[in-house]
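To keep things clear, I will list the structure first and then write my remarks on it.
As the structure is a prediction and not an experimental result, all values here were calculated from the model.
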Amino acid sequence: MKTVALAAVAALGLAHAAHAADPVTGTWQTQVDDGHYAHVRIAPCGDRICGTIAKAFDAGGPIESPNVGKPIVWDMVPQGGGAYRSGKIWQPSTGKVYNSKMQLNGNSLKVSGCVGPICKGQTWSRLP
């Protein structure tokens, strides 16, 4: 019985380590929207993927913004092959929340959101 319990604990630990190493985790730079852009920190949130605004910028460089620390992407479900679906994304310039999906391709992350048939998208770049 002890062996089964140890095996179960080990399996849970490996599953957690694999999830923690999701290839999309890290910090990403958004494209400019309404004169501003952000660095978004993406990390696991339970069994899903979420992103929070870590820093905000305008053409002159870093700025103080009430959006820093706010979630911008949440509830993304990893699908494998770099695809994430069933999440939500917030567009700070409009205050709107869209149904969202993401596609990871190396150091580029295509992020899109839709409300009905109207969709918007950006390609974010991974930061070192």
Side-chain angles (χ1 to χ4, degrees):
M1 189 65 163
K2 228 180 193 183
T3 305
V4 172
L6 287 174
V9 168
L12 285 173
L14 289 174
H16 176 71
H19 183 69
D22 191 292
V24 78
T25 60
T27 304
W28 296 84
Q29 182 170 306
T30 69
Q31 286 182 257
V32 175
D33 180 26
D34 198 30
H36 296 89
Y37 66 96
H39 289 175
V40 176
R41 189 167 296 118
I42 295 185
C45 52
D47 63 345
R48 298 181 182 223
I49 298 293
C50 298
T52 303
I53 298 173
K55 293 181 182 178
F57 301 83
D58 65 12
I63 60 170
E64 288 192 32
S65 170
N67 295 330
V68 172
K70 289 186 178 181
I72 190 167
V73 174
W74 59 94
D75 286 341
M76 288 289 182
V77 179
Q79 303 293 305
Y84 300 83
R85 305 233 187 284
S86 303
K88 300 284 186 187
I89 189 165
W90 172 56
Q91 184 180 17
S93 64
T94 63
K96 293 183 180 181
V97 175
Y98 299 90
N99 294 321
S100 184
K101 62 183 178 180
M102 304 186 305
Q103 180 64 51
L104 177 65
N105 185 10
N107 289 323
S108 293
L109 183 63
K110 184 173 180 176
V111 180
S112 59
C114 301
V115 173
I118 300 170
C119 298
K120 295 182 178 186
Q122 284 194 345
T123 300
W124 296 357
S125 301
R126 186 186 299 274
L127 294 173

Review point. Run the side-chain contact (heavy atoms from CB on, under 4.5 Å) check on S100 and V111 step by step: do they pass?
Key: CA-CA 7 Å; S100 184; V111 180; 4.2 Å; yes

Exercise for review: Walk me through it: do K70 and T52 pass the test side-chain contact (heavy atoms from CB on, under 4.5 Å)?
Suggested key: CA-CA 6 Å; K70 289 186 178 181; T52 303; 5.9 Å; no

Review point. Can you check side chain to side chain donor-acceptor pair (under 3.5 Å) on D33 and Q122, steps first, answer last?
Key: CA-CA 9 Å; D33 180 26; Q122 284 194 345; 5.1 Å; no

Check your understanding: What's the verdict on side-chain contact (heavy atoms from CB on, under 4.5 Å) for M76 and I42, showing C-alpha distance, side-chain angles and the deciding distance?
Key -> CA-CA 10 Å; M76 288 289 182; I42 295 185; over 6 Å; no

Practice item. For side-chain contact (heavy atoms from CB on, under 4.5 Å), just list the numbers for I89 and K120, CA-CA rounded to whole Å, side-chain angles, deciding distance to a tenth of an Å, and then say yes or no. Key: CA-CA 11 Å; I89 189 165; K120 295 182 178 186; over 6 Å; no

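Both I72 and V97 are assigned to one and the same hydrophobic cluster, defined by single-linkage of ILVMFWY side chains at heavy-atom distances under 4.5 Å. Under the 4.5 Å side-chain heavy-atom criterion for ILVMFWY residues, a single connected hydrophobic cluster contains both V115 and W74. W90 and V32 fall into different hydrophobic clusters, where Ile, Leu, Val, Met, Phe, Trp and Tyr are joined by side-chain heavy atoms under 4.5 Å apart, directly or via other members.
In this pair, F57 and Y37 present their aromatic rings parallel. The plane angle is below 30°, not in the 30 to 60° band.
To the nearest 0.5 Å, the span separating OH on Y84 from CG on L104 amounts to 5.5 Å. The line from OG of S86 to CG of N99 is 9.0 Å long, rounded to the nearest 0.5 Å. The distance from the CG atom of L109 to the CD atom of Q103 is 8.5 Å, given to the nearest 0.5 Å. To the nearest 0.5 Å, atoms NE2 (H36) and CD1 (I63) are separated by 4.0 Å.
The main-chain N or O of T123 is found under 3.5 Å from a side-chain atom of Q31 such that the two form a donor-acceptor pair. Under a 3.5 Å cut-off, the side chain of Q79 and the backbone N or O of V77 do form a donor-acceptor pair. A donor-acceptor contact shorter than 3.5 Å is absent between the side chain of R41 and the backbone of G69.
Between V73 and W124 the shortest side-chain heavy-atom distance falls below 4.5 Å. Side-chain contact between S65 and I53 is absent, with no heavy-atom pair separated by less than 4.5 Å.
When every heavy atom of Q29 is checked against every heavy atom of L127, the shortest pair comes out as OE1-CD2, 3.9 Å. Closest non-hydrogen pair, P78 versus I49, comes out as CG-CG1, 4.1 Å. Minimum heavy-atom separation, V68 to A54: CG1-O, 3.4 Å.
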